[in-house]
Amino acid sequence: MDRSSLLVFKSEIRSLVNSSIDNKCSLCIRCILRFCNVKQVFTNCTTDQMVADLSSFLDVIAQNINLIRNVFCNTCLDTLNDTFLEQICKQIECDLSEKSYLPLEDFQLQIHLPAVLTLRNSFFAKRLGLDKDETLSIKEVFKSLLASKLFKTINAKHKNDSNFIIELNFVHKKGEKECEQLVEISPETFYQKKCRKSTVESFINHTSIQRMLDQLNSSKMEQVTLDDIKESCTLPEIVYKFEPIYIGGRYMKYSRILSQTPWIFNGMSSVQERIYSGIEKYIKCNDIKFCSSGREDVDVRMLGNGRPFLLELLNPHIGNEVDLIHKISTYINETHQDVQVRDLQFVDKIDAQNFVKESEIDKAKTYQAICCLNRPMKDEDITILQSIKNLEIIQKTPIRVLHRRTLSDRSRTIYYLNGKRISINEIPEEHHNSIDNIFMLTLCVQAGTYIKEFVHSDFGRTKPNLCTLLPNCEADIIALDVMEVKFDWPPVLNK
Ligand SMILES: [Zn+2]
């Protein structure tokens, strides 16, 4: 920003300087500009330079220039002071290099200033006869100044939607006490809005202070007294964090002894851990959350295009790795034989939230079951199966899940069935002797259908079932695979 443009605001600045001196306000040059509603923040000049520039036309009050130059600002409590800002900058630079977060492309600032600044800002705006809504806020100016100084020190840009957050939580102990006087001056405003919060301190925030100030009449406003504070805000801690990132994909599971999520008791691995291994190899993060569109039993494989899942990575630190997603999915697929992933991709927050909602709704599925009859399989059995379309079945809650589900009758639809003979090498060895009784059943079913129970009838609790649909037989299930989860997410990627 060109310093000479400061001179455009000559008359406004002159009158505010005069009135701030008359009213014993002690404002810094940045607060004077804020109060003049000068939108440019003049991030490129120091306060000393600005005061020097102004002194040439404020010469009538030359002695007062020194008052602005050396003042401890009563309004911003020197938050907008160059030295104060530069200290924070140094601290951030130090922390970032210590954490190996540099080089950084961009960042966003989350700034929490103490409520006393709101009190003082309104107080002085009122004293100077200004409408505070027509002035720039301390926070706005602070943010611009710090962002521009950081750009110079760490060579990263401030971006409101950056994934990297620098959170500054300022406190001012004395200032907090000062705010508490408002509660005494205007208890009715305080208690009326107090809600369930029990202590005065927990109530002191920018909004409540501003609301109380807005509601104070002029006689009450006169009761407000400011302490002679000469300390700036303190910054006990700077928090650095990355916005969560979301990765969607589909997994296939080729094992009949692997569960989807970790099982504390058996110490076995899980689908989830297999997938995490690839993430953790390339991305540092505090935690990963896993969400999938349903789950299969431990002994059921997930084949076909796989089951949609979503990962939420908390506080993730992605370095400058190129082709990251490809590397992650290659790592998972090369390291594990029993779990493979596909269509791995970054998804945005909205998409992720929609998936979580949608994943709670059970989806229609296609299964393949290796079934065994107590008699040889006949061609007419296959004809019967093929003729079945949109069959309504009633399933009583299966015995195997009765301990965690309430007993009820559920109606489900079997959209279609298909049967075919299979070769001996497709079935486990212990069943080779009964190869004539064994066949592959394909089922396309409504969400929530219990497949195992439909095949073996669950002691007649599922009606009709495979045993009643085929003549004179009992049936059992040897193995089950999910072939398709009817949920088109995330988009299939072309290899
Ligand atoms: Zn100031």
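In each ligand, atom 1 is the first atom listed, and ligand 1 is the first ligand listed. For the numbers below, each heavy atom of this structure counts, side chains included, while hydrogens, waters and symmetry mates do not.
- For H112 and F170, the ring centers are positioned 6.0 Å apart or more.
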Compile the donor-acceptor pairs under 3.5 Å between side chains in residues 310-319 and protein atoms, sequence neighbours left out, one pair per line.
unit_1, atom_1, unit_2, atom_2, d
E312, OE2, Y246, OH, 3.4
N315, OD1, F242, N, 2.7

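- Using the six-membered ring where Trp is involved, Y331 and H336 have ring planes that are perpendicular, over 60° apart on the 30 and 60° scheme.
- Residue-and-atom listing of protein N/O/S atoms under 2.8 Å from the Zn ion (ligand 1), sorted by chain and number: C28 SG, C31 SG, C73 SG, C76 SG.
- Side chains of T47 and D82: a donor on one and an acceptor on the other come within 3.5 Å.
- At a threshold of 4.0 Å, the pair K349-E243 does not count as salt-bridged, since none of the basic side-chain nitrogens sits closer than that to a carboxylate oxygen.
- A salt bridge is defined here as a Lys NZ or Arg NE, NH1 or NH2 lying under 4.0 Å from an Asp or Glu carboxylate O, and D297 with R400 meets this definition.
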